[in-house]
Each structure stands twice: as structure tokens, then as C-alpha cells.
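Residues: numbered from 1 along the sequence shown. Any value given below was found using the heavy atoms of this structure, including those in side chains, with hydrogens, waters and symmetry copies removed.
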Amino acid sequence: GSEPVLIKDKGKIQLTEIGPLVEKITKKRGLTQIDKELEGVVNPGIEVYGFDKNMKGGWSQVTVAARKKATDIFYKFITRSGREITTTGDHNMLILQNGKVIAAKSTEIKKGEFIPLPRSVSNDAKAPTFLNLLELLKNSKGVYVKNAGNLIKENYQSLRGTSLDERLDGYLYKYRDGRIVPIKYFWKILKRLNIKAADPCLKNIKLTSKLTKNRNAFNRDFEVTSSFLRLIGYIAAEGTIRENCIMISNEDPEVLKDMDSSFKSLTVPFFYGNRGVISGCRIFVEIVKALGGQGKSKQKRVLPLVFSLEKEKIAQYLATYFEGDGGVEHSSIVAVSKSEKLLSEISYLLYYFGIIGRISATKKRAPHWTSKKTYYKLSISGQDNLRKFAESINFVSERKKRKLSKITGKEGNTNVDLIPEVSSIFKEIQQLFGFQLHHISEISNWAGNKRLPSPQSLQKTVNQIEERIQHFKD
């Protein structure tokens with residue numbers, strides 16, 4: 001039930017755990033007994049990314065979201081690229097056998113068999129451009145509402161006769177006269193007046209903190225800008241989120257300049273210290289926490305918001321993330337993190353750009369550690385992937401950009417991205433056409449399983465075969 005699944009719900013893309021997702025759907029829609037073992041919801045109204053009959057990736061409507069009593073035995077599958085999934089024995093998986101894709105039970109799958117994974121994920125979701133901070137921060141600590149006086153004044157008589165919160169009701173007249181209002185109390189006022197957070201009458205509301213001199217106030221509708229994405233990318237890589245501040249550790253002058261520009265673009269106050277940048281802006285800290293940014297380094301993850309954004313903004317996030325946690329190593333781009341979940345989710349974002357990342361465990365030791373600790377490494381290799389990264393994402397610093405440029409522009413390494421299980425197909429082609437396909441040497445090599453084709457070489461050979469066939473017809 002904890003396996004991640006990429007879904008689209010009401011046009012919004014999100015990566016979520018399948019167990020809680022099914023529970024949420026059944027709680028909302030009710031349970032239907034589907035068969036003796038399964039209970040769930042038919043046509044739950046969500047989409048998942050999968051394959052059609054021609055193995056083309058795309059979004060498909062889910063027909064059933066169901067659950068059943070778990071068995072005592074589970075099967076764990078780990079791919080060479082670092083992907084993992086745990087299933088029950090009767091779970092169907094797609095595998096490649098003799099050039100054909102077939103469905104097989106988990107109990108039937110053997111080590112060394114191939115399963116299809118997407119080369120890319122289409123991002124056609126409706127991207128949010130603003131966050132409603134009144135809604136997002138409704139349960140946050142230390143957040144206050146500014147410019148609420150007129151609303152309270154217009155409804156003062158109605159509110160005065162109501163008990164909303166006995167600790168704060170006595171200050172209602174001060175809130176009417178312009179004092180900032182604790183957000184939780186303001187929400188009680190809204191509930192009493194039956195006003196929604198998105199109501200136009202609240203468009204001038206601002207969010208602020210209590211203790212800040214010359215309070216830095218945020219509009220109710222907070223724009224999701226590229227500057228914001230760049231900062232949360234840095235935070236994912238090198239940030240520490242505490243109760244009252246966010247610290248980003250980096251001493252590279254180019255990176256500090258970029259962070260400086262991004263903070264100023266958002267009008268978020270910050271200062272330099274602790275070998276990096278620190279922001280004690282309460283509202284900014286609470287925004288990041290409310291979006292899911294809290295947790296120790298081992299618990300870091302991609303903020304769920306990022307999955308639904310347009311590619312240009314996701315690229316900003318990835319550029320600063322890789323600038324912080326990543327770099328160029330030999331002929332690959334790598335990123336290392338304590339959080340396997342973070343790297344797994346980063347690899348999903350890379351699919352939006354047609355980039356394939358591989359995850360592996362590694363051991364790392366710092367000078368003051370007594371023993372090595374387990375970290376996780378995400379690697380991007382192969383000229384096609386490297387070029388896509390350089391063109392669509394890249395790094396922030398010129399130093400890392402130059403390193404990347406040195407390993408791109410070379411001949412592609414066809415050992416990185418190969419297509420398996422094609423020998424039976426090319427044996428059949430040999431039998432059908434024989435000598436008529438002479439001089440296409442790849443056919444005999446692939447039929448004899450001497451080599452495996454890359455996508456590019458396979459496409460080139462298929463084109464040659466089609467040209468020969470057309471010549472026979474003419």
C-alpha cells in the first residue's frame with residue numbers, strides 16, 4: 001500500500017502512495033463489493049500513466065480502485081535502474097518475452113527478465129499559477145491576517161453576539177479597528193460568515209507575522225514564480241528547515257548571487273550567515289512547511305506542488321537542486337542524497353524531459369565519521385540524456401556548466417540504453433526475406449543475440465528494411 005503511483009486527479013498531477021489513495025477514494029465514494037476478494041470504487045475518476053496496446057505511454061482512466069486482504073508473502077522487484085516495487089503474488093506485471101509484451105503473475109517472474117518503463121511522461125496538466133495562502137496556512141503557527149478590519153466592521157454586530165473563541169473574542173473591537181488577526185481566529189470569523197477563502201471580498205487580505213518590525217506582508221494569492229521554484233530546489237538540496245527559519249548551505253559566489261536575486265524577487269527578507277543564506281521570514285518558512293518541505297535530510301522529498309507545474313518551472317527547480325546536490329562525475333551527471341525518496345521523485349520529474357535516471361545505493365564517509373553511511377546516488381548517463389539535461393535544465397554555476405559541456409557532444413554510448421528481447425523478431429525477418437536483406441549486418445548480429453540495439457540503431461535498421469520491402473513491391 002506504500003508503493004508510489006503517478007496519478008492525474010482533476011487535471012492535477014501528483015505522486016502519491018497507492019494505499020492512502022485508495023482509502024481516500026473509498027471514503028469519499030463508498031465501497032462496492034467487486035468480487036469475493038476485492039472491494040472498492042468502480043470508475044473513480046482518476047488517471048494513471050501507463051501503456052497502450054502499442055506500448056506507447058499516456059494517461060489512462062482508472063476503471064477500478066480496489067483493495068483486498070493482504071497475503072503473508074510479498075515479492076520485491078528491483079530493476080537495474082534502481083526502481084523498486086513490492087507486490088502480492090497474484091499481482092499482474094508486464095514483462096518482455098521473445099519480443100512480445102505479456103502479463104505475468106509476480107510468482108512467475110524470474111531474475112533477468114525485462115519489464116517496460118516509460119522513457120518520458122507527458123505533462124499536460126493545468127498548472128497552478130497562484131497559491132491561496134489563506135487556505136494553505138490556515139493551521140500554521142505565528143501567522144496573522146492583515147487588512148481584515150473592513151470585513152469585521154461590516155459584520156461587527158453579528159460577530160459580537162457570537163462566541164468564536166473565548167480567549168480572543170474580547171479583542172474583536174481591536175481587530176475591527178485594524179489590529180492583525182490570528183489566522184485561526186480569522187477562519188472562525190469566515191466560517192461564521194460563510195465566506196470561502198477564495199471569495200473576491202478577501203482579495204486585499206494579506207498574511208504576516210506578529211513580531212516582524214515593518215511587517216513583510218504577503219498577498220493572499222501568492223504567485224508560483226520561477227524564483228520560488230529555484231529557492232525550493234536549493235532547499236531540497238542543501239536546506240535545513242527549522243521552526244523559525246530556513247538555512248541554505250552554499251558558499252559558491254554564483255549560487256549566493258542567484259539565491260540573493262530569487263529572495264529579492266519574492267521580497268522575502270534574508271541574511272548571509274552559517275556558510276550560506278538564512279531566512280527567518282515567518283510566512284515564507286510556513287509556506288515551505290505547509291507544502292510538505294519539513295523533515296530531516298533522510299526524509300526529504302519533492303514538494304507535491306512541483307509535479308503539476310509547467311516544464312519551464314520544473315526545470316528551474318531541477319537546475320538548482322542539481323547545482324546543490326549534484327555535479328559531473330566522469331561521463332555522468334550525478335546527485336547524491338540521504339533520501340532515497342527524494343531521488344526517486346526527482347527521477348520522475350526527469351521523465352517530463354525524456355531523461356532517464358538510475359538510482360543506486362552508495363557508501364559515504366565524512367572526515368569526522370567513524371564509519372561509512374548509506375547514501376543514494378542518481379546517475380544520468382548516455383549522450384541523449386546528457387544533451388537533454390544540458391538543453392532543458394543544466395546547472396546554475398558556470399563551473400558545472402563547463403564540466404557538463406565537456407562530456408556532451410560526443411558520440412553516444414550505445415551500451416547505456418539498449419533494447420532487449422529482439423532476437424526472435426529478427427530471426428523471423430531473416431527467415432522471411434533471407435538474402436534480400438544482405439548488407440544490413442545488424443540483422444544477423446541481433447538475430448544471433450550477439451549485440452542488442454540502441455533505439456537509434458533499431459530505428460535506422462527498421463527504416464532500411466522498410467525501404468527494401470518497398471523496393472520489392474515496386
Test log, rule side-chain contact (heavy atoms from CB on, under 4.5 Å), inputs Leu229 and Ile314: CA-CA 7 Å; Leu229 268 295; Ile314 294 173; over 6 Å; no

Is [X] reaching over with its side chain to a backbone N or O of [Y], donor-acceptor style, under 3.5 angstrom?
X: Ser140; Y: Val143; value: no
X: Arg29; Y: Pro44; value: yes
X: Gln383; Y: Ile407; value: yes
X: Asn216; Y: Pro269; value: no
X: Ser423; Y: Ala447; value: no
X: Thr267; Y: Lys264; value: no
X: Lys300; Y: Leu343; value: no
X: Ser279; Y: Phe270; value: no
X: Glu223; Y: Thr129; value: no
X: Arg220; Y: Ala197; value: yes

Specify the closest pair of heavy atoms between [X] and [Y], including all atoms of both residues, with the distance to one decimal.
X: Ile440; Y: Gln464; result: CG2-OE1, 3.7 Å
X: Pro455; Y: Ile419; result: CA-CD1, 3.8 Å
X: Leu291; Y: Leu131; result: CD1-CD1, 4.0 Å
X: Asp252; Y: Ser397; result: OD2-CB, 4.3 Å
X: Leu452; Y: Trp446; result: C-NE1, 4.0 Å
X: Ala315; Y: Ile393; result: O-CG2, 3.9 Å

Identified side-chain contact (heavy atoms from CB on, under 4.5 Å) partner of Val396 from the options Met259, Glu323, Lys401, Lys257: Glu323

Other residues, nucleotides, ligands: >12 heavy atoms within 6.0 Å of Glu428 CD: no

Exceeds 12 heavy-atom contacts within 6.0 angstrom, atom NZ of Lys403: no

Test: Lys388 cationic atom under 6.0 Å from Phe353 six-membered ring centre, within 45° of axis: no

Step-by-step side-chain contact (heavy atoms from CB on, under 4.5 Å) determination, Phe114 to Ile95: CA-CA 6 Å; Phe114 296 90; Ile95 62 172; over 6 Å; no

Would you give the length of the straight line joining atom [atom1] of [X] to atom [atom2] of [Y], rounded to the nearest 0.5 angstrom?
X: Ile425; Y: Lys427; atom1: CD1; atom2: NZ; result: 12.0 Å
X: Lys373; Y: Lys298; atom1: NZ; atom2: NZ; result: 10.0 Å
X: Ile78; Y: Thr86; atom1: CD1; atom2: OG1; result: 8.0 Å
X: Ile115; Y: Ile109; atom1: CD1; atom2: CD1; result: 7.5 Å
X: Leu21; Y: Gln14; atom1: CG; atom2: CD; result: 7.5 Å
X: Thr16; Y: Lys24; atom1: OG1; atom2: NZ; result: 7.5 Å

Check: Phe263 ring centroid to Tyr234 ring centroid under 6.0 Å: no

Ring centroid separation Phe389 to Phe322 under 6.0 Å: yes

I want to check something: taking the side chain as every heavy atom from C-beta on, are [X] and [Y] in contact at a cut-off of under 4.5 Å?
X: Leu6; Y: Tyr351; answer: no
X: Phe307; Y: Val302; answer: yes
X: Leu136; Y: Asn132; answer: no
X: Tyr49; Y: Ile7; answer: no
X: Leu15; Y: Val5; answer: no
X: His91; Y: Tyr75; answer: no
X: Gln61; Y: Asn43; answer: no
X: Leu350; Y: Asn385; answer: no

Pair [X] + [Y]: basic N to acidic O under 4.0 Å:
X: Glu84; Y: Lys76; value: yes
X: Glu442; Y: Lys460; value: no
X: Arg387; Y: Glu391; value: no
X: Glu329; Y: Lys377; value: yes
X: Lys27; Y: Glu23; value: no

Judged by modelled atom types alone, do [X] and [Y] share a side-chain donor-acceptor pair under 3.5 Å?
X: Ser347; Y: Ser344; answer: no
X: Asn463; Y: Gln459; answer: yes
X: Asn139; Y: Lys184; answer: no
X: Thr374; Y: Lys363; answer: yes

Parallel, tilted or perpendicular: ring planes of Phe228 versus Phe222, cut at 30 and 60 degrees: perpendicular

Worked check of side-chain contact (heavy atoms from CB on, under 4.5 Å) between Lys206 and Asn219: CA-CA 5 Å; Lys206 292 183 180 289; Asn219 293 331; 2.4 Å; yes

side-chain contact (heavy atoms from CB on, under 4.5 Å) involving Pro128 - partner list, sequence neighbours excluded: Leu305, Ser308, Leu309

Audit row: Ile183, Tyr144, side-chain contact (heavy atoms from CB on, under 4.5 Å) steps and yes/no: CA-CA 5 Å; Ile183 192 168; Tyr144 288 76; over 6 Å; no

Set of residues satisfying side chain to side chain donor-acceptor pair (under 3.5 Å) with respect to Thr87, sequence neighbours excluded: Ser106

Full working for salt bridge (charged side-chain N to carboxylate O under 4.0 Å, His left out) between Glu286 and Lys141: CA-CA 8 Å; Glu286 293 301 324; Lys141 295 179 182 179; over 6 Å; no

